[in-house]
Amino acid sequence: MARILCVGIATLDLVFTVDHYPREDEEMRAQSLRVTRGGNAANTAVVLARLGHQVAFAGVLAAAEETAILVRDFQQHGVDTAPCVVRPGKPPTSSILLAPSGSRTIVHYRDLSEFGCEDFARLDLAAYDWVHFEGRNPDTLACMLDHLRRHHARLPLSLEAEKPRPGLAALFDRCNVLLTGRAFARALGHGEPRAFLQALRAQAPRPLIFAGWGETGAWALPGSEAPLYTPAFPPPRVVDTVGAGDTFNAGVIHGVLNGWPVDRTLREAASLAGRKCGQVGFSLVP
Ligand code: ADP
């Protein structure tokens, strides 16, 4: 099993299940509330740890009481938070409304500074076999990638691109695996996965590209060959799709680290993500 570092943010998620999406100014009661740790790279770290890898998470933890919830969750899943730095502020917080239509409406607040390039450069990166980044601040990310190129040029890298951000696409070709999906495609005006993947390939000849496409399945683009597709693996009952993409990403990293062919990696990652949708949180994955 591999030693993996995941770099991103850890959030406090307040997940409300509601019986309808509220009207503006409505006062309504939620059917359930779950207070939990979230964050894309943080979720991916937890799933990778559950898949048996030795995983560490690097991010900023707020010097606040609520941070205990996040740290406890990481500990329960065996994710090492030693690479984190602690700074004043509140944990980034997401209010997530899960409506019967399957929609996930998220209101996010953050005032905490981001994990910086100087924080990253202080880590003992020789201790890892793989580094996974959440595609956040492109300037900081570029600096981290420069640091890796100078000091650990052979370390394999994955990058999650969930939302387009100015300057992010210029970094795609600097990683081994690019993890993206339907939300990113739609934000760029692409409705069709094949055309989206080919447009990415024109920008970035190097990485293996994977794209989650929600309940319709997932795609991969190994090289210049035709894209590969897998249907989704629906669980008996969809109960929680929060973090499906992060679980898919962990499944992809796991498959690539195991040396599986791209089609198997794609299928197994989608199957893992499907299983996750059938359960609340990540405890039972895989
Ligand atoms: P995100 O959570 O980032 O929005 P997606 O919704 O694209 O990501 O989900 C990632 C992967 O999870 C999909 O490619 C699919 O394999 C799986 N998945 C998502 N929603 C479902 C669902 N309702 N049923 C089964 N699998 C799903």
Side-chain angles (χ1 to χ4, degrees), residues 2 4 6 8 40-41 43-44 47-48 51 129-136 138 141-142 145 148-149 154-233 241 243-274 276-277:
I4 304 169
C6 295
N40 294 6
N43 288 339
T44 298
V47 178
L48 283 166
L51 288 167
D129 305 310
W130 187 286
V131 182
H132 171 67
F133 292 100
E134 195 172 317
R136 300 187 57 79
L141 182 59
L145 295 177
L148 282 169
R149 187 165 49 194
R154 296 164 74 89
L155 198 53
L157 312 176
S158 50
L159 171 62
E160 183 220 19
E162 187 182 46
K163 297 186 195 82
R165 298 173 193 263
L168 188 61
L171 305 176
F172 288 173
D173 213 33
R174 296 175 62 181
C175 38
N176 303 76
V177 175
L178 176 63
L179 299 155
T180 184
R182 186 165 61 176
F184 189 96
R186 281 182 177 160
L188 293 180
H190 283 282
E192 208 283 306
R194 288 168 200 275
F196 168 61
L197 291 169
Q198 298 301 354
L200 282 180
R201 178 58 77 219
Q203 281 180 314
R206 180 172 173 232
L208 258 174
I209 303 175
F210 289 85
W213 224 261
E215 67 294 337
T216 69
W219 294 78
L221 190 61
S224 52
E225 304 114 77
L228 304 172
Y229 166 73
T230 178
F233 293 77
T241 60
D246 308 326
T247 303
F248 175 76
N249 293 346
V252 169
I253 295 168
H254 181 65
V256 174
L257 276 164
N258 279 341
W260 294 343
V262 177
D263 57 346
R264 175 170 177 203
T265 297
L266 177 66
R267 263 195 328 274
E268 301 254 5
S271 159
L272 187 70
K276 187 268 150 301
C277 294

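Note that this is a predicted model, so its numbers are computed, not measured. Because only heavy atoms are used, hydrogens play no part in the values below, and waters and symmetry mates are left out as well, while side chains stay in.
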[Y] and [X], any side-chain heavy atoms less than 4.5 Å apart:
{"X": "Glu160", "Y": "Asp246", "value": "yes"}
{"X": "Asn176", "Y": "Pro207", "value": "no"}
{"X": "Arg264", "Y": "Asn258", "value": "no"}
{"X": "Phe184", "Y": "His190", "value": "no"}
{"X": "Leu168", "Y": "Leu141", "value": "yes"}

TODO: Indicate the ring-plane relationship of Trp219 and Tyr229, choosing parallel, tilted or perpendicular according to the 30° and 60° boundaries.
DONE: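 Tilted.
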
Could you tell me whether a side-chain N or O of [X] sits under 3.5 Å from a main-chain N or O of [Y], the two making a donor and an acceptor?
{"X": "Arg194", "Y": "Pro227", "result": "no"}
{"X": "Ser271", "Y": "Arg267", "result": "no"}
{"X": "Arg201", "Y": "Gly223", "result": "yes"}
{"X": "Thr180", "Y": "Ala161", "result": "yes"}
{"X": "Arg186", "Y": "Gly189", "result": "no"}

Task: Pair Glu134-Asn40, side-chain donor/acceptor within less than 3.5 Å - done: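 Checked: Glu134/Asn40 side chains show no N/O donor-acceptor pair below 3.5 Å.
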
